[in-house]
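Notes to accompany the following structure.
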Amino acid sequence: MKKKRKKSKKIVVILGLVFAFLVMKQVIQNPFDGNVSTSIPPLDSFANVKKYSPIIHAELEKYGLEEHTSTLIALMQQESRGRGGDPMQASESAGLDPNTIDDPNESIKYGVKHFRKINEYGNEKNVDFATIIQAYNMGIGYIDYIAKKGGKHTEELAKQFSMIQVEKDPSLYDCGGDKDNFRYPYCYGDYTYSEKVTKNIEELADSISAQAESE
């Protein structure tokens, strides 16, 4: 009787080890299976730009535009992902050569000034906010163009405006000669800029909500 019990216990132990082995094998083969939990949080793609939030907010507050803090963060995300000395890519709007500014604080200062200018002008011309965002990339002339076309930005109108500028200086606006560039032949600015920044604003809001829930 005792021998049978010992044999039974031995079988149970062996079966338990086999089961544990099979489970471990399944985890190794399928590390990202939906049934396997992980404590590693997803990377925050806005981490670099979020650190500039206080500076951006303070600069906008000087002009009573602090409600646009998220917009400017989203613009910075599109321009540089928060990297480099000119994260707002504001050198040209300040009348300098590209990437001349090498101080993020100065970059934000001129970036906010540029935004203030196009925002005020856009409101005067009665264009939609998508046009104002696109004008950060294509310049204030885009606002004039859209004002004459009904006041609402569309990707097609952005392409048309881009082509007008390309035809003025085709050797300069040629996408670096890369015909595989998605913008080609509309190589002045990025005709998808407003859409990308709008998406950044939405993803930024989701990122902040997720961060608040985890704290």
Contact check, side chains of M163 and P185, non-hydrogen atoms, under 4.5 Å = yes

Going by heavy atoms in the side chains, are V166 and Y186 under 4.5 Å from each other?
-> no

Looking only at atom types and distance, does a side-chain atom of E66 sit under 3.5 Å from a main-chain N or O of I56, one as donor and one as acceptor?
-> no

So which heavy atom on T154 is nearest to which on Y142, and how close?
-> O-OH, 3.7 Å

If you take all heavy atoms of M138 and A158, which pair is closest and at what distance?
-> CE-O, 3.5 Å

Within-4.5 Å side-chain heavy-atom neighbours: Y173 and E167 = no

Donor-acceptor pair, side chain of N123 and main chain of N119, under 3.5 angstrom | yes

Got R81 and V49 here, is their nearest side-chain heavy-atom distance under 4.5 Å?
-> no

Establish whether Y110 and Y52 are linked, either directly or via other cluster members, by ILVMFWY side-chain heavy-atom contacts under 4.5 Å.
-> no

Should I164 and Y193 be counted in the same cluster of Ile, Leu, Val, Met, Phe, Trp and Tyr side chains packed under 4.5 Å apart?
-> yes

For residues G64 and E67, report the shortest heavy-atom separation together with the two atoms involved.
-> O-OE1, 3.5 Å

Going through the distances and angles, do E79 and Y136 end up as a side chain to side chain contact (heavy atoms under 4.5 Å, CB included)?
-> CA-CA 10 Å; E79 292 292 338; Y136 190 92; 3.7 Å; yes

Spacing of K113 atom NZ and I108 atom CD1 [to the nearest 0.5 Å] | 14.0 Å

Please lay out, stage by stage, how D86 and D102 fare under the test side chain to side chain contact (heavy atoms under 4.5 Å, CB included).
-> CA-CA 5 Å; D86 187 9; D102 59 5; over 6 Å; no

Look only at the side chain of S80 and the backbone of M88, and say whether a donor-acceptor pair between them is shorter than 3.5 Å.
-> no

Could you state the interatomic distance from NZ (K199) to CD (Q77), rounded to the nearest 0.5 Å?
-> 11.5 Å

Let me see the working for D144 and Y121 under side-chain hydrogen bond (donor to acceptor under 3.5 Å, both in side chains), right down to the final yes or no.
-> CA-CA 9 Å; D144 287 323; Y121 192 65; 2.5 Å; yes

Residue pair F182 / T192: nearest heavy atoms and the distance that separates them = CE1-OG1, 3.8 Å

With the side chain counted from C-beta on, respond yes when Y188 and L172 share a heavy-atom pair under 4.5 Å apart, and no when they do not.
-> no

Compute whether any side-chain donor of one residue and acceptor of the other, for S171 and D169, lie under 3.5 angstrom apart.
-> yes

Heavy atoms only: give me the nearest P87-P104 pair and the separation to one decimal.
-> CD-CA, 3.8 Å

Can you find a heavy atom in the side chain of S93 that is under 4.5 Å from one in the side chain of K117?
-> no

Is it true that a side-chain atom of N99 and a backbone atom of Q89 form a donor plus acceptor pair closer than 3.5 Å?
-> no

Can you tell me how far the OG1 atom of T100 sits from the CG atom of D97, to the nearest 0.5 Å?
-> 4.5 Å

State, to 0.1 Å, how close S70 and L204 come at their nearest heavy-atom pair, and which atoms those are.
-> O-CD2, 3.9 Å

Quick check: are there more than 12 heavy atoms from other residues, nucleotides or ligands sitting under 6.0 Å from CD of E195?
-> no

Can you check whether K152 reaches V127 side chain to side chain, under 4.5 Å on heavy atoms?
-> no

Would you give the length of the straight line joining atom CD of E120 to atom OH of Y63, rounded to the nearest 0.5 angstrom?
-> 10.0 Å

Quick check: does any side chain N or O of Q134 sit under 3.5 Å from a backbone N or O of S194, one acting as donor and the other as acceptor?
-> yes

D103 and K109 ion-paired at < 4.0 Å = no

Has the side chain of D128 got a donor or acceptor atom that lies under 3.5 Å from a matching backbone atom of T131?
-> yes

Paired with Q78, the side-chain hydrogen bond (donor to acceptor under 3.5 Å, both in side chains) test is passed by just one of N200, D190, N137, namely N200

So, does R116 use its side chain to make a donor-acceptor pair with the main chain of V112 at under 3.5 Å?
-> no

Using the side chain to side chain contact (heavy atoms under 4.5 Å, CB included) rule, take R183 and S162 through it: C-alpha gap first, then chi angles, then the decisive distance, then the call.
-> CA-CA 10 Å; R183 296 180 297 137; S162 177; over 6 Å; no

Taken to the nearest 0.5 Å, the spacing of N126 CG from I146 CD1 works out to 13.0 Å

Is it true that a side-chain atom of S91 and a backbone atom of I101 form a donor plus acceptor pair closer than 3.5 Å?
-> yes

Going through the distances and angles, do H68 and F129 end up as a ring pair (Phe, Tyr, Trp, His ring centres under 6.0 Å)?
-> CA-CA 11 Å; H68 290 296; F129 195 62; 5.4 Å; yes

Going by heavy atoms in the side chains, are I55 and E59 under 4.5 Å from each other?
-> no

Out of curiosity, K149 NZ to E156 CD, how far, rounded to the nearest 0.5 Å?
-> 10.5 Å

Take the angle between the ring planes of Y145 and F161 and call it parallel below 30°, perpendicular above 60°, tilted in between.
-> tilted

